[in-house]
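Counting starts at 1 for both ligands and their atoms, in listed order.
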Amino acid sequence: GARENTQKHIAVFAFPFTTHAAPLLALVQKLSESAADSKFHFFNTAQSNESLFSKDHDCERVKPWSVDTGLPKGYKSTKGPSNEPLEYFLKATPGNFETAVAETGLPFDGIISDAFLWFAKEMAEEMRVPWIPYFTAGPRALLVHVVADDLRARLGMNGPKDQTLEFLPGFSAIRAVDIPEGIISGSFDSPFQMMMCKMGQMLPHASAVAINSFEEIDPIVVKTLKSRISNLLNIGPFVLRTPSTSDSDIHGCLDWLDQHMRSSVAYISFGSSATPSPNELKALAEGLEASKFPFLWSFKGNAQEMLPRGFLKRTKNRGMIVPWAPQLIVLGHPSVGVFVTHCGWNSVSESIIGGVPMICRPFFAEQKLNQKTVEAVWGFGVGVEGGMFTKNGTIKALQVILSSEEGKLMKEKIGILQELAFNALDTDGSSTVNFNSLVDLVSRC
Ligand code: UDP
């Protein structure tokens, strides 16, 4: 924007589902400290904003602003996981964001958006300002969306699940079945898949694309990505830059971990929205119990009701179940030896930061791709046998990582990437350099 006034306004569009809005806000907070002339409006649903912004948040630099959820009046959420809120929200876009932007009465000088919200590109064009999307997952997930048309042309739709993607550099171990649904399998016409498809087409036309990853994590893939997206800024793992509010340890996980031996504990969490079926929960619990390894489980819901009868009592001396754990710190604790995870990108990054090998049970989106990368490309994790928890599969996976030579090797391998992650964030590290470019770009909006 070519206005005389030095005060700039940047609109930020958040995606209010799974763990997307929190990393975006962390980025914006950090930007607001560095791009001192810029003021940010954080457009997000009221509910998500409420959970992100503390009551005493100073709105001077980053101001939360509500966007309509699109839910019908009086809508009552169903019990358990449901796609309905997402679908209503997507139906309401981009109108809900346009309305919210108009409400501020401000002219904006730039838009930073969750990469999913591709329509921000068109809004930015209309306003004649830069669009800077933030992709909150990893480089492989980004690449498969950007080259989605090529993948479809090569592999067709719903072809053999086991064919590998040799033609894509760095993907020879990845199979068709590992690619997120909606690209070469499943349905394309759901509002979510259509959004992802548009995102893949729009991102190469952004002023810059920021990604919560670092260049050294997957150099071949990052190189291919850069040939498609000229201004790709790997600025992560961003969590290392911003202590998060969810880090407080109200349930005493760290004290509990202090009482255990080095690399002996299994930490279990499936992120903000994935939940294994009752049968799998039961199998996982049985496996944990029979394996005799200590465990710390971040558990959504009522553990007493959902886990096998007597399980809590029988395992109380070596198991701890909490509704929420300070995950980043937990994974950095020396007692934790393995992370049983759904392979959400934040979880995978935090496991790398902690140097903890993984047992992977992916559910949706790019989680399977993350698993395959952990397992077959980086070699510091295993999938559960058959893709679902069984008692024996759980025991086996725990033993491999916690008490075998192979597990020791995995620990060494993840240690190498852990070091690279920290290096990337050093004063002259790649992610720091990229973050400074991003600050420049925002300052020049
Ligand atoms: N998380 C946490 N404590 C918990 C469970 C999860 O702090 O008990 C955090 C975790 O550190 C991560 C995020 O929630 O940053 C989960 O993000 P991820 O991308 O792994 O999964 P999603 O929630 O998007 O499925």
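Interface of Ser347 with ligand 1, defined as ligand atoms under 4.0 Å from a residue heavy atom, comprises 18 (P), 20 (O). The atoms of ligand 1 that sit less than 4.0 Å from any heavy atom of Thr18 are 24 (O). Proximity to Trp345 (heavy-atom distance under 4.0 Å) selects the following atoms of ligand 1: 19 (O). Remark: ligand 1 atoms within the under-4.0 Å shell around heavy atoms of Ala325 are 2 (C), 3 (N), 4 (C), 7 (O), 8 (O).
Ser213 places no side-chain N or O within donor-acceptor distance of the main-chain N or O of Asn234, the cut-off being under 3.5 Å. Between the side chain of Glu216 and the backbone N or O of Leu420 there is no donor-acceptor pair closer than 3.5 Å. Judged purely by atom type and a 3.5 angstrom limit, Ser349 has no side-chain atom pairing as donor or acceptor with the backbone of Pro237. Of the possible polar contacts, one joining the Asn302 side chain to the Glu305 backbone as a donor-acceptor pair under 3.5 Å is found. Not a single donor-acceptor pair under 3.5 Å links the side chain of Thr315 to the backbone N or O of Arg318.
Contact annotation: for Ser298 versus ligand 1, heavy atoms closer than 4.0 Å belong to the side chain alone. Using a 4.0 Å cut-off between heavy atoms, Trp324 contacts ligand 1 through both its backbone and its side chain. With a heavy-atom cut-off of 4.0 Å, Glu350 touches ligand 1 through its side chain alone. Residue-level proximity to ligand 1 for Ser272 is carried by backbone and side chain together, each with a heavy atom below 4.0 angstrom.
Using a non-hydrogen distance threshold of 4.0 Å, His20 does not register as a contact of ligand 1. Not a single heavy atom of Ala274 sits under 4.0 Å from any atom of ligand 1. Heavy-atom distances between Tyr267 and ligand 1 reach below 4.0 Å in at least one pair.
For ligand 1, one of its N or O atoms has an N or O atom of His342 under 3.5 Å away. Residue-to-ligand polar distances keep Leu328 apart from ligand 1: every N/O pair is separated by 3.5 Å or more.
Taking the six-membered ring where tryptophan is involved, the planes of Phe43 and Trp65 are tilted, since the angle between them lies from 30° to 60°.
Side-chain atoms of His342 and Ser347, non-hydrogen and from C-beta on, do get closer than 4.5 Å to each other.
Checked against the 6.0 Å centroid threshold, Phe53 and Phe42 count as a close aromatic pair.
Between Val62 and Gln29, the shortest heavy-atom distance links the atoms CG2-OE1, 3.7 Å.
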